[in-house]
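Below: one structure, written as structure tokens.
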2 protein chains.
Amino acid sequence: MYSLAPLSQLKPAGAQTIFIEKLPAKCCTLDKCTSMHCPVLRQLGTLKVYNHNETIFWESDKAASFFLIKSGVVRECRMLSDGRRQISRFIFPGDLFAHTDNGNYSNTAEAVTPVSVLVIPRPQLEQSLESTPCLRRLFLKNLQQELHQTQDQVLVLGRMSAVERVSHFLTSLADITGANPLELPMTRVDIADYLGLTLETVSRVISRLKREGKIELLDTNKILLSAPLKLSANSQHVAA
Amino acid sequence: MYSLAPLSQLKPAGAQTIFIEKLPAKCCTLDKCTSMHCPVLRQLGTLKVYNHNETIFWESDKAASFFLIKSGVVRECRMLSDGRRQISRFIFPGDLFAHTDNGNYSNTAEAVTPVSVLVIPRPQLEQSLESTPCLRRLFLKNLQQELHQTQDQVLVLGRMSAVERVSHFLTSLADITGANPLELPMTRVDIADYLGLTLETVSRVISRLKREGKIELLDTNKILLSAPLKLSANSQHVAA
DNA sequence: CGGTCAGTTGACAATATTCAACCGACGTGG
DNA sequence: CCACGTCGGTTGAATATTGTCAACTGACCG
């Protein structure tokens, strides 16, 4: 049995507000550890706010910081020389981002909505990783999840049709936000650049899903998923 | 300036055979550390050989071990319920694989050629990670590189044409192996399942590249890249 | 009021897939 | 030893899917 992981497995922490002001060596037990409430990250970082469409960092710039989203949605993307854009992923509250393997950012990060992020200088975080085992596990787990989700995305882009991609996207988004009348924070262009399609194809697929009664458009960016869509999209990805 | 990373950034270690039999706390200096010569990994793992097309582990099985390739080529892949297959990546000597975020393998791994791998039990490796800082950096670096390469793959699958995908694949493979009359270890089906195409399309593109003088087919699986292909494939991916 | 932006839809074109035939190499069993 | 089946690969013809170009709408803003 195998089913695709949602876009993000770190759900918004919601009511989770257990903060410890003094910094102990072991800040939390293994299973309760989340990036959202981690006191080490909280102490290392400074809160910063970005406006809609503002750039947080540029691809190939020297990677000075890690970022933890407190609220809002961010997109990470790459470009080809002729302007073609591919969004690597959308990033949601609780996600730690800006991983790199060579000291330079490998994506450009932009605010899809107004966002508030914790900006954590790399040297400090890297030092804390050495001294704080539970933070290390948290960091590693975050990285492994991002890898898993990116491999999911490779499967989606390599082997799914336009209808399957959009359906999978919508159900994943519903899983992350946990809301069924689903509020799309991003434009059709963003969705297209994430799914490897054109904005026209995305628009047509959404119209088709509406026509077939699989979704309901309460507003341009407010979508109600019918139960069948959720079911079909889940069963579709179960290995034989 | 941005250019796509090759499929693997860990080149075969070749002549690198510095082994230390006794296990020191710091086994090597930061910049000389490679998974190929790391004495800690060497001590933890046992060497195992797999035949052509033999399965190393199955997707969703409990993840018991990590693997380090000493020789040969491995493919990691995922399946949809109807049999569609997507190869997440090809893995080459020096690569550490079987990362997971939930304790189960997220891909099936199979030997593309006869391979010899170091099988490293997870509990032991995880324990050594805690106690050995340089191994930790090595492990983290490996994971970050895999993420980077997978994001490259997302860009390739999402935004490149068939010709671009195959050209990029061939040049990347030449970069990894460092050999120009390039020996393809995998079949057309494998290439297709890696590039999100059909085997016919891969075959047609290769024929076309041959017709256009960009490659020379010395044998079905032996390809000589003309300089122009290498150049064009590089310049194609440089950001504006 | 005019301009811009996000989105939808239609007509047509490009691209990749599907289905099928065919080839040569290889290995096996009569 | 040869016939036969299988496998990997190539190629052609027809088809399906998605992209391109363009027109149009409604919302929003100065």
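The figures here come from the full heavy-atom set of this structure, side chains too, leaving out hydrogens, waters and symmetry mates. A, B, ... follow the sequence lines: proteins, then strands. Residue 1 opens every chain.
For B/Asn221, the listed nucleotide lying nearest its side chain is D/dG9; candidates were D/dG9, C/dT18, C/dT8. Nearest nucleotide to the A/Glu200 side chain, out of D/dT20, D/dT10, D/dT18: D/dT20. For B/Leu197, counting side-chain heavy atoms from C-beta on, the closest listed nucleotide (C/dT8, C/dA16, C/dA20) is C/dA16. In this structure, of D/dC21, C/dT17, D/dG9, it is D/dG9 that holds the atom nearest to the side chain of B/Thr187. For B/Arg204, the side-chain atoms get nearest to C/dT18 when compared with the rest of D/dT18, C/dT8, C/dT18.
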After noting the C-alpha distance and the side-chain angles of B/Phe92 and B/Val73, does the key distance pass the side-chain contact (heavy atoms from CB on, under 4.5 Å) rule?
CA-CA 5 Å; B/Phe92 297 90; B/Val73 180; 3.9 Å; yes
Could you walk me through whether B/Gln151 and B/His148 pass side-chain contact (heavy atoms from CB on, under 4.5 Å), step by step?
CA-CA 5 Å; B/Gln151 288 185 351; B/His148 191 112; 5.7 Å; no
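Residues A/Arg84 and B/Glu164 are paired through a salt bridge, judged by an N-O separation under 4.0 Å between the basic side chain and the carboxylate.
Atom CZ in A/Arg208 sits roughly 12 Å away from atom C1' in D/dT18 (whole-Å rounding). Here the P atom of nucleotide D/dG9 and the NZ atom of B/Lys222 are 16 Å apart, to the nearest Å. Rounded to an integer number of Å, the gap from CG of B/Asp193 to P of C/dT17 is 11 Å. Atom CG of A/Leu195 is separated from atom P of D/dG19 by 11 Å (rounded to the nearest Å). One interatomic measurement links the two molecules: CZ of B/Arg84 to C1' of C/dT18, which rounds to 15 Å at whole-angstrom precision. At whole-Å resolution of the value, CE in B/Met186 and C1' in D/dG9 are 16 Å apart. Nucleotide C/dT8 holds its C1' atom 11 Å from the CG atom of A/Leu217, rounded to whole Å. Separating the CD1 atom of A/Ile223 from the C1' atom of C/dT8 is a distance of 14 Å, rounded to the nearest angstrom.
Panel note: side chain A/Ser226, backbone A/Lys214; a donor-acceptor pair is recorded below 3.5 Å.
Residue contacts for B/Leu199: at a heavy-atom cut-off of 4.0 Å it reaches a base atom on one of the strands shown.
Between A/Thr220 and the phosphate of C/dA6, there is no side-chain N or O to OP1/OP2 separation shorter than 4.0 Å.
Nearest-nucleotide mapping onto DNA chain D: of B/Thr201 and A/Ser161, the residue sitting toward the 5' end is B/Thr201.
Among pairs with a residue in residues 102-122 of chain A, those fulfilling ring-ring contact (aromatic ring centres under 6.0 Å, His included) read A/Phe57-A/Tyr105, at least two apart in sequence or across chains.
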